[in-house]
Undergrad: 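Can you read through this structure? Questions will come right after.
In what follows, chains carry the letters A, B, and so on, assigned in the order in which the sequence lines appear, proteins first and then strands, with residues in each chain numbered from 1.
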Amino acid sequence: MEYNFLEIERSWQAFWANNKTFKVETDPSKPKYYVLDMFPYPSGAGLHVGHPLGYIASDIYSRYKRLKGFNVLHPMGYDAFGLPAEQYAIQTGQHPAKTTEKNIERYREQLDRIGFSFDWTREVRTCDPDYYKWTQWAFLEMFAHWYNKKSGKAEKIEELVKVFACEGNAGVEAACGDTDIFTAAQWNSFSVEAREKILMEYRIAYLGETSVNWCAALGTVLANDEVKEGLSVRGGHPVEQRKMRQWQLRVSAYAERLLNDLDELSWSDSLKDMQRNWIGRSQGAEMVFRVFNGSKEYNLDIFTTRADTVFGATFMVLAPESEWVEKLTTEDQKGAVEEYTKYAKKKTERERMAETKKVTGVFTGSYAINPFTNEKIPVWISEYVLAGYGTGAIMAVPAHDSRDYTFAKHFDLPIIPLIEGCDISQESFDAKEGIMCNSGFLNGFTVKQAIPAAIEEVEKLGIGRRKVNFRLRDAIFSRQRYWGEPFPIYYKDGIATPMELKDLPLELPEVDKFLPTEGGEPPLGRAENWTFGGYPVEKSTMPGFAGSSAYYLRYMDPRNSEALVSKDANNYWRDVDLYIGGTEHATGHLIYSRFWNKFLFDLGFVCEKEPFKKLINQGMIQGRSNFVYRVKGTNKFVSLGLKDKYDTTEIHVDVNIVSNDRLNIDAFRAWMPEYADAQFELENGEYICGWAVEKMSKSMFNVVNPDMICEKYGADTLRMYEMFLGPLEQSKPWDTNGIDGVHRFLKRFWRLFFNKDTFEVSNEQATPAELKILHRLIKKIQEDIENFSFNTSVSAFMIALNELYELNCNKKAILEPMVILISAFAPHIAEELWSRLGNPGSVSFAAFPEYVEKFTIEDLFEYPVSFNGKLRFKLTLSILLNAKEIEAAVLADENTQKYLGAGSIKKVIVVPKKIINIVC
RNA sequence: GCUCGGGUGGUGGAAUAGGUAGACACGCAGGACUUAAAAUCCUGUGGGCAGAAAUGUCCGUACGGGUUCGAUUCCCGUCCCGAGCACCA
């Protein structure tokens, strides 16, 4: 009987849907396991064959865990707010909710065809008011809390207010913005506005002036991870720096915890490194320099990691945006400085990056005193100093910092070497090694000794202190867009006032157009009566990462109208055991989500301090493009092997009309009108196409649609082939060419259960040889799945099948366990065979077959290799026997004795896992 | 520039607490079945040399060294490819 995959897959998908096979409930009697995919943004283009890779892997793992007796939570939903839908709405006038709904429908159809074991009763959509109610709620909680550095967690702002009223803020150690010190008496005398202004500096969600990535084409600000090389990730529009008053999240308060807690996570080292790099902890010192502009004196703070090099600080540099620029610019220099700051301001991020080598700067006219040498040193301004890092000002040590070096050379400033024997004639000496010189009390110290010694001295002199700085900035949380979560904030007499939980969700209002208003306000400015209690409501919306930051919590209890997640549900499901998704979220979603979780953890709403215990990054699936070669100036196409004989143009051709790199000529002629009368020069009667690996995209004509693969080969083939393609975490091109092999395997597997057209399996007992095949497979599949080495498990299935064919084995005792094993990979065919074997219900909850070592010692000696009196045996199976048993077995083995000569063995050394050494 | 990965047949890739390199699959070649096609099955397939053949032999895991009885695997250096960060003081 034919393997009718279309019929089998259709009927079992219906079975799963009708029986809600994969619906889960909290069940304290069973261990939980939570497998999560990064939910997709439903784009209009639908899924291509690369998208499901991670979903297939997570589905295999989920199914495996179910077989192992776990209560598996495996949900799916949609990250439905986003720019493309809004851009599309601007162009067509269609409401983004409508296009999003349509796209979701298409995604669902495509996903359903692949046979995933999602619990769809838990589906969430970030654009659903019942969902974003809790996004807004979390924001309100952040608004109502501040970060106490003493207790190391978020605390209620009301408590802070009480402290202010009793003691002022001098004793408060908070992660906060710039605030002056005030006493209790002062606080109590402040106006409501003044108090609110101060509190805003403490809130975890706060409104503040900041330099943002402004994208004029999109009319909105973007997060750093939404900008790549000065262009917006979505759309590729230019992005510039601008100062704006925006909602922000005080992510930086959590920098230390975000960094430290990485250690306990089972994430790849490269991903952890990316986050460490992004958080960017650096240890050093903050130091005060006396500066004077001729009339007035100030204390200027700088940050350095090289306090040991103070003796070589021959000038200072301010960032052009620094507030110090105004204070320190003298009359003489005013014109030059203004010109320079204007120049620096109008430069876009992109231009700055392109010109990193160019040295620019201007002298302020002011001087500072080097606190160690007491020398008078000039204060300059240059764009190579960043306003957002440290204090926006540095002490420049040209001898030992390459940036300071180029600057000093360019403007002819003095360079003093501080390390014995270092050569600074061509470049600076940046390495932290060597013996100090020209450095007063530090002379003779190694650099490693000098750094702490210098900081100690600085602290002793009272001109500075130890300081840790982070690169991680607060997250900018406002977007001047329509299609996002509205802020539950209104402005009462100009004061940002939170709504209450009972007022949520604050739903998106209808607008006539999705463009900014003529007055430059965000699209919500078009909403009629966008007020709350008569007061105007915040007009910006939340960014894309808002809705995705806590969705894994919502899945635990998706229909709860009282809380984001109930205590019970959270205490049962706790955290995500396995998270699979792309590496592109390393510094965006995966940081914000961890921050969000930690915040809710501080407040006691969630019980785990980290959301994602284990994380796997699936590789990207690239496209494999095909080419035809047109002879220039003609409509003649020559096959790959002949193209060098002509002057040809390489033209992309739709991969769907090419098979095994052979062009379907009729389909090509029908593909585009201009090729209707194309001429061909063939090789051996065929047109061979060239190929290359490129990004999968419409313009390269290399997009392969999973629906098409399911139609032609079936979902089970698609699933197994995607895994067979190569290691999960590696990027690799999609190549439909190899899919026949996997499809053939499934057909052969199917036939094993049939005698001609009748389903027929033998009830005979299995032989040891057959059992060996089965148990080796069980062991291999189990190990492979746990190591996420799915490509080698597909191979293992193929090998086992070949061996069973050789033995002509169709015994139920062997085949039934194999059906269970394969059900994680190819669930449809497994269900069908499972039911034909006479089992009721779904194979999904069968027990994973148990591996039993049933083999004799003879099995161990397949490959003797001798060398220098040592004899080694490679074992095909790992040994559960202990060393003594093996030694006895080797000594008793006839073949070994014969091979080596009786009595010649002196010692048997067992190396774990693979090798036995026999010393003669 | 810094950080992290990775270089194995015509192709995707197996094999690393050092031990038969190239499993499995694609492709290709030959064959069987067929009026034909599809499907299916069988055989061969890293390279060189010798041989009618079985087979033998040498070379082969980016390149050059090293450790070792033995290196795709470990160490040092070089080259190339990919990813991330990029004036972070």
Undergrad: A:D740 or A:G726: which one's nearest nucleotide on RNA chain B is closer to the 5' end?
TA: A:G726

Undergrad: Checking contacts here: which listed nucleotide (B:C24, B:C28, B:C4) is nearest the side-chain heavy atoms of A:D273?
TA: B:C4

Undergrad: Can you tell me the pairing partner of B:A71 across any strand shown, Watson-Crick or G-U wobble, with both distances under 3.5 angstrom?
TA: none

Undergrad: Quantified in whole Å, what is the C1' atom distance between nucleotide B:A21 and nucleotide B:A14?
TA: 10 Å

Undergrad: Just how far, in rounded Å, is C1' of B:A23 from CZ of A:F724?
TA: 10 Å

Undergrad: Who does B:A23 pair with, Watson-Crick or G-U, both distances under 3.5 Å?
TA: none

Undergrad: For A:Y721 and A:W734, take the angle between the two ring planes, folded into 0 to 90°, and tell me which bin it lands in: parallel under 30, tilted 30 to 60, perpendicular over 60.
TA: perpendicular

Undergrad: On RNA chain B, nearest-nucleotide positions of A:Y721 versus A:D269: which is more 5'?
TA: A:D269

Undergrad: Any side-chain N or O of A:S282 under 4.0 Å from OP1/OP2 of B:A89?
TA: yes

Undergrad: If I take atom CG in residue A:L746 and atom P in nucleotide B:C24, what distance separates them, rounded to the nearest angstrom?
TA: 18 Å

Undergrad: B:G65 and B:C26: how far apart are their C1' atoms, nearest whole angstrom?
TA: 38 Å

Undergrad: Please work out if A:R281 contacts a base, only the sugar-phosphate, or nothing of the nucleic acid, heavy-atom cut-off 4.0 Å.
TA: nothing

Undergrad: What integer distance in Å separates A:M798:CE from B:G12:P?
TA: 17 Å

Undergrad: What's the verdict on ring-ring contact (aromatic ring centres under 6.0 Å, His included) for A:F5 and A:Y713, showing C-alpha distance, side-chain angles and the deciding distance?
TA: CA-CA 8 Å; A:F5 52 85; A:Y713 299 97; 7.8 Å; no

Undergrad: Counting only side-chain nitrogens and oxygens, does A:R751 get under 4.0 Å of the OP1 or OP2 atom of B:C41?
TA: yes

Undergrad: Please work out whether the ring planes of A:F753 and A:F749 are parallel, tilted or perpendicular, with thresholds of 30° and 60°.
TA: perpendicular

Undergrad: Take atom C1' in B:C41 and the same atom in B:U34, then report the distance between them in whole Å.
TA: 13 Å

Undergrad: Given B:C87, B:C24, B:G84, identify the nucleotide with an atom nearest to the side chain of A:E383.
TA: B:C87

Undergrad: Considering just the side-chain nitrogens and oxygens of A:Y389, establish if one lies under 4.0 Å of OP1 or OP2 belonging to B:A89.
TA: yes

Undergrad: Could you tell me the Watson-Crick or G-U partner of B:G18, where both distances fall under 3.5 Å? Say none if there is no partner.
TA: none

Undergrad: Looking only at atom P, what distance separates B:U67 and B:U3, rounded to whole Å?
TA: 29 Å

Undergrad: Is a salt bridge present between A:R306 and A:D430, judged by a nitrogen-to-oxygen distance below 4.0 Å?
TA: no

Undergrad: Could you label the plane-to-plane angle of the A:F790 and A:F825 rings as parallel, tilted or perpendicular, counting under 30° as parallel and over 60° as perpendicular?
TA: perpendicular

Undergrad: Would you measure the distance from the C1' atom in B:C58 across to the matching atom in B:G5 and give it in whole Å?
TA: 36 Å

Undergrad: Counting only Watson-Crick pairs (N1-N3 plus N6-O4 or O6-N4) and G-U wobbles (N1-O2, O6-N3), all under 3.5 Å, who is the partner of B:A39?
TA: none

Undergrad: Could you please name the partner base of B:C49, counting Watson-Crick and G-U wobble pairs only when both distances are under 3.5 Å?
TA: B:G56

Undergrad: Answer yes or no: are there more than 12 heavy-atom neighbours, outside A:E7 itself, under 6.0 Å from its atom CD?
TA: yes

Undergrad: Does CG in A:D269 sit with more than 12 non-hydrogen atoms of other residues, nucleotides or ligands closer than 6.0 Å?
TA: no

Undergrad: Measure the distance from CD1 on A:I799 to C1' on B:G13 and round it to the nearest whole Å.
TA: 13 Å

Undergrad: With a 6.0 Å cut-off (strictly less than), is the heavy-atom count around CD of A:Q283, excluding the residue itself, greater than 12?
TA: no

Undergrad: Would you say B:C41 has OP1 or OP2 under 4.0 Å from some side-chain N or O of A:R744?
TA: no

Undergrad: For the pair made of CE in A:M723 and P in B:A25, what is the distance, rounded to whole Å?
TA: 19 Å

Undergrad: Please give the distance between the P atoms of B:G12 and B:U68 as a whole number of Å.
TA: 36 Å

Undergrad: As a test of reading the structure: which of B:A14, B:C85, B:A25 is closest to the side chain of A:R471, going by heavy atoms?
TA: B:C85

Undergrad: So does A:E722 pair up with A:K732, basic N to acidic O under 4.0 Å?
TA: no

Undergrad: Give the rounded distance in Å between these two atoms: CG of A:N660 and C1' of B:G12.
TA: 13 Å

Undergrad: Has A:Q730 got a side-chain N or O lying under 4.0 Å from the OP1 or OP2 atom of B:G13?
TA: yes

Undergrad: What's the closest nucleotide to the A:P727 side chain, out of B:C4, B:A89, B:A14?
TA: B:A14

Undergrad: Verify the contact: side-chain N or O of A:N277 to OP1 or OP2 of B:C85, cut-off strictly under 4.0 Å; return yes or no.
TA: no

Undergrad: Looking only at atom P, what distance separates B:C79 and B:C69, rounded to whole Å?
TA: 32 Å

Undergrad: Side chain of A:T305 only, please: which of B:A89, B:A14, B:C24 is the nearest?
TA: B:A89

Undergrad: Looking at B:U3, which nucleotide sits across from it as a Watson-Crick or G-U wobble partner, both distances under 3.5 angstrom, or is there none?
TA: B:A83

Undergrad: Using the P atom as the reference point in each nucleotide, state the distance between B:G60 and B:U72 in Å, no decimals.
TA: 9 Å

Undergrad: Counting side-chain heavy atoms from CB outward, which of B:A25, B:G84, B:C28 is closest to A:N802?
TA: B:A25

Undergrad: When you check the phosphate oxygens OP1 and OP2 of B:A14, does a side-chain N or O of A:N791 lie under 4.0 Å from one of them?
TA: yes

Undergrad: Is A:R276 near enough to B:C2 that one of its side-chain N or O atoms lies under 4.0 angstrom from OP1 or OP2?
TA: no

Undergrad: Between A:R748 and B:C41, does any side-chain N or O lie under 4.0 Å from OP1 or OP2?
TA: yes

Undergrad: Where does B:G9 land, syn or anti, once you apply the within-90°-of-0 test for syn?
TA: syn

Undergrad: Given that both distances must come in under 3.5 Å, which nucleotide forms a Watson-Crick or G-U wobble pair with B:U61?
TA: none

Undergrad: Between A:K747 and B:A39, is there a contact of a side-chain N or O with OP1 or OP2 at under 4.0 Å?
TA: no

Undergrad: In this structure, how many angstroms lie between the P atom of B:U11 and the CG atom of A:L640, rounded?
TA: 14 Å

Undergrad: For A:L725 and B:A14, what is the distance between atoms CG and P respectively, to the nearest whole Å?
TA: 11 Å

